[in-house]
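These notes concern the structure reproduced below.
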Amino acid sequence: MDNKFNIKKVLLLGSGALKIGEAGEFDYSGSQALKALKEENIETVLINPNIATVQTSEGIADKVYFLPVTPDFVERVIEKERPDGIFLSFGGQTALNCGVDLYKNKILEKYNVNVLGTPVQSIIDTEDRDIFNHKLSQIDVKYINSEAVTNLENAERAANALEYPVIVRAAYALGGLGSGFANNDYELKNLVEKAFSYSPQVLVEKSLKGWKEIEYEVVRDKYDNCITVCNMENFDPLGIHTGESIVVAPSQTLSNKEYHKLREIAIKIIRHIGIVGECNVQYALDPFSEDYRVIEVNARLSRSSALASKATGYPLAFIAAKLGIGYGLHELKNSITKTTSAFFEPALDYVVCKIPRWDLTKFHGVSRSLGSSMKSVGEIMAIGRTFEEAIQKGLRMIGLGMHGFVANKNFYSENLEKSLCEPTDRRIFFLAQAFHNGYDVEKIHELTKIDKWFLYKLKNIIDLEKELSKINNFDDLSDELFRKVKMRGFSDFQITRLITKCKPEEMDNKMLETRNIRKQRGILPVVKQIDTLAGEFPAQTNYLYLTYSGEENDI
């Protein structure tokens, strides 16, 4: 494809040094952006110190500088390479902060480098909390009551004016660094002192703990065309960083009215701020009304963007790069189908579940409590036709040796109510213990504030586990129940353990017997593909998943 915008060379800022809570998740977006630019025959220069990434591999970028993403080093590269444009939105918060410094110090102006995609002023408008709140008030959009402060005295004054509990957050920080909830002046002081070590500005906000947390991935081009590509919902209520929470796409507990209301607000916001490319809008939603607050807008690709891309088959970073160099959504084709336009909103007839991975056992003395600051070191994504199938698949993949939500090794809490009230990396398994101990959905909801819809779905798994446990041989297992448990994410291992009650050393042979019986009955998985027109099946795609279905023609 010929480059019709007369852009010859582009500098892309990567995500800085790799550490827990940041950098690694932006490899996907940076790699996609570089591929999009290469397709336009644009020379690409990448600054990224992460040698263990795809984007720094040979053949992705034309030239790679393994340098820190800081204004001094970036200026030297600009002076040497003289790019026509620079992309700031594919390297996370590190790249954004660096780009804002280059803009404010007139380095970009000095070397006549154009910022591609979202203008720097729009980035500043979303990063500075006072400016951001003012922008939202101009279009009558609700935001969380907050105050940006630069010293402890003002932080205490703000917290008492807002009334405890409050959340403290370091501005311009990634992964929730330096953030947490304070219930009194003593807790506030400890948090604020920590936050100031990360940022010169600290945000003191009214806590909305217990509200739902919802995200929308939104795309806008220079012609003001907008679409929402994906919306997601946190399994855990507000108070836990999105990177620490199980996330479900599309949202499962919103009414049609709530979904469209938040979608319209998201589009209204990014048009007003002037985003070009991709961004995500995060909301707090009152579970008992349609009241909402905008938490923040990330004027960049984020870890949620990578999840949304893989969940929907819509290559957000690839499209955002094309929009950044001047294309409109109506001018681009979907990268998978090659026939449909990029100007459409994917429809998901399946459920995607993202579950974080932690390695907390490697760190002696570390708290397992989860909050507004990230501790996770990675995440998995599972796809299924039902929430039960997706969550069980996901729990098998997180590296804790679990086989799903049920039929696991003993995972026992002596103080169950405390374990349910205080979020940890193991709380999902304590939910299973609670159901086994006779807790009903109402009581678990009261302790966890997890939406009842999710709890009822987990109870479905528990009920099926009980049904299987009553059966002592496969002759008594009907095809209908066998198919049903497979559709709800039960593995052959789980089914074998629940029915045969065999010893651990006998499991391998027994599980093979279970699999053979299942195949003999014609209960087989089917391959589904995300975002493909009928009859099309591209030779190269990663957007495939195995599932079980009750439809006869799928078996």
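FYI, side chains are in, hydrogens and waters are out, and symmetry mates aren't considered; it's all heavy atoms of this structure.
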Inset, instruction - Decide salt bridge (Lys or Arg N to Asp or Glu O under 4.0 Å) for Arg427 and Glu422; before the verdict, give the C-alpha distance in whole Å, the side-chain angles of both, and the deciding distance to 0.1 Å. - result: CA-CA 8 Å; Arg427 182 162 73 166; Glu422 298 177 2; over 6 Å; no
Inset, instruction - Would you indicate whether the side-chain heavy atoms of Gln252 and Lys457 approach each other to under 4.5 Å? - result: no
Inset, instruction - Mind listing the closest non-hydrogen atom pair of Ile123 and Thr126 along with its distance? - result: O-OG1, 2.8 Å
Inset, instruction - Kindly say whether the aromatic ring centers of Phe90 and Phe26 come within a distance under 6.0 Å. - result: no
Legend entry - CA sep, side-chain torsions, deciding dist, call: Leu11, Leu13, side chain to side chain contact (heavy atoms under 4.5 Å, CB included): CA-CA 7 Å; Leu11 174 65; Leu13 300 187; 4.3 Å; yes
Inset, instruction - Would you tell me whether Gln55 and Gln32 have side-chain atoms, one donor and one acceptor, within less than 3.5 Å of each other? - result: no
Inset, instruction - May I ask you to check whether Trp453 and Phe387 place their ring centres under 6.0 Å from each other? - result: yes
Legend entry - Interatomic spacing from NZ in Lys452 to CD1 in Ile450 - rounded to 0.5 Å: 13.0 Å
Legend entry - Lys212 NZ/CZ over Tyr283 ring centroid, <6.0 Å and within 45° of normal: no
Legend entry - Cation-pi check, Lys209 onto Phe181 ring (under 6.0 Å, within 45° of axis): yes
Inset, instruction - Measure the spacing between OG1 of Thr448 and CG of Asp236 and express it to the nearest 0.5 Å. - result: 8.5 Å
Inset, instruction - Verify side chain to side chain donor-acceptor pair (under 3.5 Å) between Tyr65 and Glu81, making sure each step is shown before the conclusion. - result: CA-CA 11 Å; Tyr65 286 87; Glu81 295 292 342; 2.4 Å; yes
Inset, instruction - Measure the shortest side-chain to side-chain distance between Tyr103 and Glu109 over non-hydrogen atoms and say whether it is less than 4.5 angstrom. - result: no
Inset, instruction - To the nearest 0.5 Å, tell me how far Leu285 CG sits from Glu290 CD. - result: 8.0 Å
Inset, instruction - Please confirm whether the backbone N or O of Ile383 pairs with a side-chain atom of Lys393, one donor and one acceptor, at under 3.5 Å? - result: yes
Inset, instruction - Verify the distance criterion only: is there a donor paired with an acceptor across the side chains of Ser146 and Lys206 at less than 3.5 Å? - result: no
Inset, instruction - Examine the side chains of Ser305 and Glu278 and answer whether a donor and an acceptor come within less than 3.5 Å of each other. - result: yes
Inset, instruction - Would you check if Val54 and Ser31 make a side-chain contact, meaning some heavy-atom pair closer than 4.5 Å? - result: yes
Legend entry - Glu296/Arg169 ion pair, N-O < 4.0 Å: yes
Legend entry - Lys449 and Asp451 ion-paired at < 4.0 Å: no
Inset, instruction - Mind checking the CG-OG spacing from Leu96 to Ser89? Nearest 0.5 Å is all I need. - result: 7.0 Å
Legend entry - Side chain proximity check, Asp185 to Tyr164, heavy atoms < 4.5 angstrom: yes
Inset, instruction - Could you tell me whether the side chain of Ile227 reaches within less than 4.5 Å of the side chain of Tyr314, counting heavy atoms only? - result: yes
Inset, instruction - Decide yes or no for Ile246 and Ile391: does some side-chain heavy atom of the first lie under 4.5 Å from some side-chain heavy atom of the second? - result: yes
Inset, instruction - Compare every heavy atom of Met381 with every heavy atom of Ala311, then report the nearest pair and how far apart it is. - result: N-SD, 4.1 Å
Legend entry - Point-to-point distance, once rounded to the nearest 0.5 Å, from OG1 of Thr253 to CD of Glu258: 7.0 Å
Inset, instruction - Kindly confirm or rule out a cation-pi arrangement of Lys443 over Tyr439, judged by NZ or CZ under 6.0 Å from the six-membered ring centre and within 45° of its axis? - result: yes
Legend entry - Main-chain N/O of Asn50 paired to Thr56 side chain as donor or acceptor, under 3.5 Å: yes
Inset, instruction - Tell me yes or no: between the side chains of His134 and Gln138, is some donor less than 3.5 Å from an acceptor? - result: yes
Legend entry - Residue pair Val141 / Ile269, side-chain heavy-atom distance below 4.5 Å: yes
Inset, instruction - Identify whether the distance between the nearest side-chain nitrogen and carboxylate oxygen of Glu379 and Lys354 falls below 4.0 Å. - result: yes
Legend entry - From Met402 atom CE to Phe429 atom CZ, the distance as rounded to the nearest 0.5 Å: 4.5 Å
Legend entry - Qualifying residue for side-chain contact (heavy atoms from CB on, under 4.5 Å) with Ile78, from Leu108, Ile47, Asn112: Leu108
Legend entry - Modelled atom types, side-chain donor and acceptor of Ser251 and Asn231, under 3.5 Å: yes
Inset, instruction - Scan side-chain atoms only and decide if Ser289 and Asp286 contain a donor-acceptor pair under the 3.5 Å cut-off. - result: yes
Legend entry - Contact summary for Ala95 and Val69, nearest pair of heavy atoms: CA-CG1, 4.3 Å
Inset, instruction - Assess the side chains of Glu156 and Asn160: does a donor N or O sit below 3.5 Å from an acceptor N or O? - result: no
Legend entry - N/O donor-acceptor pair under 3.5 Å between Arg220 side chain and Ile275 backbone: yes
Legend entry - Lys222, NZ atom: more than 12 neighbouring heavy atoms under 6.0 Å: yes
Legend entry - Main-chain N/O of Ser413 paired with Gln433 side-chain donor or acceptor, under 3.5 Å: yes
Legend entry - Over 12 foreign heavy atoms within 6.0 Å of NZ, Lys261: yes
Inset, instruction - Kindly give the heavy-atom pair with the smallest separation between Leu136 and Tyr143, and that separation in Å. - result: CD1-CB, 3.7 Å
Inset, instruction - Using atom types as modelled and distance alone, determine if a side-chain donor or acceptor of Ser122 lies under 3.5 Å from a backbone N or O of Ile273. - result: yes
Legend entry - Leu12 side chain reached by Val45 side chain, heavy atoms, under 4.5 Å: no
Inset, instruction - Would you sort out whether Lys142 and Asp291 count as a salt bridge (Lys or Arg N to Asp or Glu O under 4.0 Å), showing the intermediate values? - result: CA-CA 9 Å; Lys142 294 182 179 181; Asp291 196 13; 2.8 Å; yes
Legend entry - Check: Ser302 side chain, Asn298 main-chain N or O, donor-acceptor pair, under 3.5 Å: no
Legend entry - Derivation of the side chain to side chain contact (heavy atoms under 4.5 Å, CB included) call for Cys279 and Thr118: CA-CA 9 Å; Cys279 75; Thr118 300; over 6 Å; no
Legend entry - Short side-chain donor-acceptor distance under 3.5 Å, Gln282 and Tyr216: no
Legend entry - Ring-face cation contact, Phe73 with Arg76, 6.0 Å cut, 45° max: yes
